[in-house]
Amino acid sequence: MPELPEAETIRRQLLRSVRGAVITETRVLHRRMTRNQPRRPSLRALTEGRRITDVGRHGKMVTLTLDPPATLLIRLGMSGQVLVCRDDAPPGDHTRVRFRLRGGEELRLDDMRMFGGVQAFPSADPAAIPPLAALGPDALGLDFTREHLAATLRKRTAPLIALLMNQSLVAGLGNIYANEACFAAGVHPLRRGGDLRRPDHAALHNAVRRVLAEAVRLRGTSMRDGLYRDLDGAPGDYQRRLRVYAREGEPCLRCRTPITRARHQGRSVFFCAKCQR
DNA sequence: AGTTGGACCTGACTGC
DNA sequence: TGCAGTCAGGTCCAAC
C-alpha cells in the first residue's frame, strides 16, 4: 500500500528516469482521476509543453516540479502505480492518465481502485499548493520532532492509530506503518493520544523514524494482493519485516503472545496485547 | 474543534 | 460452477 516509503521509492526512480523530460501530451482516460482539478486552469494547460525539473515528495504525495513553473501532484491512493514506458505500449486495463514525453517515452498512472489522482497547480511553491500546505510535517523530515509529536497528541481523545494516520498532523503514515511504529514503540495503538507520557513520545517518535527509514531502504511493502509495485514493476521487501501488520494469531516476535486484531473505524488494528500497553 | 462513520472503488477471496 | 457477501484502505464529507 503506498505510504511514505513507497512514495519515496517512486520519487527516487522518477528522478532518475524523467527529470529533464518535456511533457508533450496529457491524456486522461478516466475522469475520476482528475476529480480535484478545476476546469481552469486545466491539467493539460498546466502540463503540456513543460519540462520536469525536479521530483519531490511530502508524506505520501509525489510532486513533479515543472518549467514554466507549475506543480504536478500525484496521489497513489491505495492501488496507484506509476510507470515509465514507450509511448506506443498499449495501455493496461487500469491505465488512467498518460503523460507523453518528448523522445518517445511516456509517464503513466495506473490505478485499479481509483482512490488516487493527479492535480496540477500554476506554481512551483509548495506553500501555494493547498493539498501540500494542509499536510503536517513529513514523518522523515527535520520538522517532525519529538516535541511536535508530543504537542500533536496533547489533549487528544482519539486513538493513537487514528492520530498517526491523520495527514494534517504528521504526513506519511498509513495503516501498515502506523501499526508497525506502535509495536516498535511498545505503545498500544488504541490508547487515547492525550494519555501518552514523555517516555512514550520519545519511543514513538524514534519508532516512526526507524520503521519508515528501514522501509525506504527495502523499497516499501508489497502484500499478497500485489497492489504495490515500483516504477520497474518490482515489489518491495518490507513485508518480510512486518512484526504485527496482517499477523493476527501469529506469535509476537518478542514474547510469543498471539497477535491481536481489533477494528477501529472499519480498519484493522494489529498489536501484541502483552508488549503494547 | 475534535471525533466518528459512511461513501467511494474494484478485484480477490470465502462460504454456501 | 456460480453467486452473494466480505475485505482492503486513503481521503473526503456529513453529522454529532
Side-chain angles (χ1 to χ4, degrees), chain A residues 1-10 28-38 57-63 73-82 91-97 109-119 129-136 138-139 151-182 189-196 212 215 220-229 235-236 238-239 242 244-249 259 261-270:
Chain A
M1 313 301 150
E3 303 178 29
L4 185 153
E6 292 77 18
E8 175 63 15
T9 301
I10 286 164
V28 176
L29 280 57
H30 200 299
R31 289 188 52 182
R32 181 168 163 79
M33 299 303 283
T34 51
R35 58 195 177 282
N36 294 319
Q37 183 76 40
R57 180 192 60 73
H58 192 117
K60 306 170 186 176
M61 297 188 191
V62 175
T63 58
L73 194 68
I74 300 177
R75 303 171 194 239
L76 297 165
M78 79 165 287
S79 57
Q81 297 179 32
V82 176
D93 288 349
H94 305 118
T95 301
R96 308 301 189 192
V97 188
L109 181 60
D110 282 29
D111 189 354
M112 182 179 78
R113 292 180 192 166
M114 293 187 288
F115 282 14
V118 295
Q119 193 175 2
I129 296 171
L132 292 177
L135 295 174
D138 184 84
T152 285
L153 300 181
R154 196 166 152 261
K155 297 195 174 172
R156 302 293 289 251
T157 60
L160 182 56
I161 188 84
L163 298 170
L164 287 176
M165 285 195 286
N166 183 334
Q167 303 299 299
S168 69
L169 302 179
V170 51
L173 294 163
N175 205 29
I176 294 177
Y177 299 112
N179 274 282
E180 292 297 313
C182 287
L190 297 180
R191 265 174 75 182
R192 292 170 183 258
D195 289 348
L196 270 67
L212 290 177
T221 302
S222 296
M223 302 299 290
R224 207 173 22 199
D225 60 18
L227 288 181
Y228 169 68
R229 291 292 182 270
Y238 195 76
Q239 60 278 6
L242 296 175
V244 284
Y245 185 82
R247 292 194 66 244
E248 180 186 16
I259 297 299
R261 175 164 91 143
R263 287 256 155 201
H264 178 256
Q265 296 197 339
R267 305 287 184 261
S268 288
V269 184
F270 299 92

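Naming convention: chains lettered A, B, ... in sequence-line order (proteins, then strands); numbering from 1 in each chain.
- Electrostatic pairing of A/R57 and A/D138 counts as a salt bridge here, judged by a charged N lying under 4.0 Å from a carboxylate O.
- Formation of a donor-acceptor pair under 3.5 Å by the A/E3 side chain with backbone atoms of A/G174 is found in this model.
- Contact annotation: A/R113 does not reach the phosphate of B/dG11 (side-chain N/O to OP1 or OP2, under 4.0 Å).
- The 12-atom threshold is exceeded at CZ of A/R263, counting heavy atoms of other residues, nucleotides or ligands nearer than 6.0 Å.
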Please enumerate all protein N or O atoms sitting under 3.5 Å from an N or O of nucleotides 12-16 of chain C, with distances to 0.1 Å.
unit_1, atom_1, unit_2, atom_2, d
C/dC12, OP1, A/R75, NH1, 3.1

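- For A/P189, the side-chain contact (heavy atoms from CB on, under 4.5 Å) partners are A/I161, A/C182, A/V269, A/F271, A/Q276, not counting sequence neighbours.
- In this structure, A/S268 reaches the C/dA8 phosphate: one of its side-chain N or O atoms is under 4.0 Å from OP1 or OP2.
- For A/H94, taking side-chain heavy atoms from C-beta onward, the closest of the listed nucleotides B/dA7, B/dG11, B/dC9 is B/dG11.
- By the side-chain contact (heavy atoms from CB on, under 4.5 Å) test, A/T63 is found to be paired with A/T71, A/L73, A/L132, residues two or more places apart in sequence or in another chain being considered.
- A straight line from CG of A/L73 to C1' of C/dT11 spans 13 Å, rounded to a whole angstrom.
- The CE-C1' distance, from A/M114 to C/dA8, rounds to 16 Å in whole Å.
- Going from atom CD of A/E248 over to atom P of C/dT6 covers 17 Å, rounded to whole Å.
- Taking atom CZ of A/R263 as the reference point, atom P of C/dT6 lies 12 Å away to the nearest angstrom.
- Each side chain to side chain donor-acceptor pair (under 3.5 Å) pair with one or both residues in residues 157-167 of chain A, not counting sequence neighbours, appears once here: A/N166-A/S168.
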Please tabulate, one pair per line, each protein N/O and nucleotide N/O from nucleotides 2-4 of chain B that are separated by under 3.5 Å, including the distance.
unit_1, atom_1, unit_2, atom_2, d
B/dT3, OP1, A/T157, N, 2.5
B/dT3, OP1, A/T157, OG1, 3.0
B/dT3, OP1, A/A158, N, 2.9
B/dT3, OP2, A/R156, NE, 2.6
B/dT3, OP2, A/R156, NH2, 2.6

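- Axis deviation across the helix from B/dG2-C/dC16 to B/dC16-C/dG2 amounts to 50°, comparing end segments of five pairs, rounded to 10 degrees.
- In this structure, CZ of A/R261 is placed 7 Å from P of C/dC7, rounded to the nearest angstrom.
- A search for salt bridge (Lys or Arg N to Asp or Glu O under 4.0 Å) contacts involving A/R75 returns nothing, not counting sequence neighbours.
- A search for side-chain hydrogen bond (donor to acceptor under 3.5 Å, both in side chains) contacts involving A/R156 returns nothing, not counting sequence neighbours.
- Rounded to an integer number of Å, the gap from CG of A/L169 to C1' of B/dA1 is 12 Å.
- Between A/Y228 atom OH and B/dA12 atom C1' the separation is 21 Å, expressed in whole Å.
- Here the C1' atom of nucleotide B/dA12 and the CE atom of A/M78 are 12 Å apart, to the nearest Å.
- Among residues two or more places apart in sequence or in another chain, the side-chain contact (heavy atoms from CB on, under 4.5 Å) test is passed with A/A139 by A/L4, A/V170, A/V208, A/L212.
- For a distance-only test at 3.5 Å, the side chain of A/R267 qualifies as a donor-acceptor partner of the base of C/dG10.
- Applying the salt bridge (Lys or Arg N to Asp or Glu O under 4.0 Å) criterion to A/R261, with sequence neighbours excluded, gives A/E248.
- When the side-chain contact (heavy atoms from CB on, under 4.5 Å) test is applied to A/A162, the partners found at least two apart in sequence or on another chain are A/P159, A/H264.
- Looking at residues two or more places apart in sequence or on another chain, you find no salt bridge (Lys or Arg N to Asp or Glu O under 4.0 Å) involving A/D110.
- Lacking a ring centre under 5.5 Å from that of the base six-membered ring together with a plane angle below 30°, A/F115 does not count as stacked on C/dT11.
- Here A/R154 lies out of heavy-atom contact (under 4.0 Å) with every strand.
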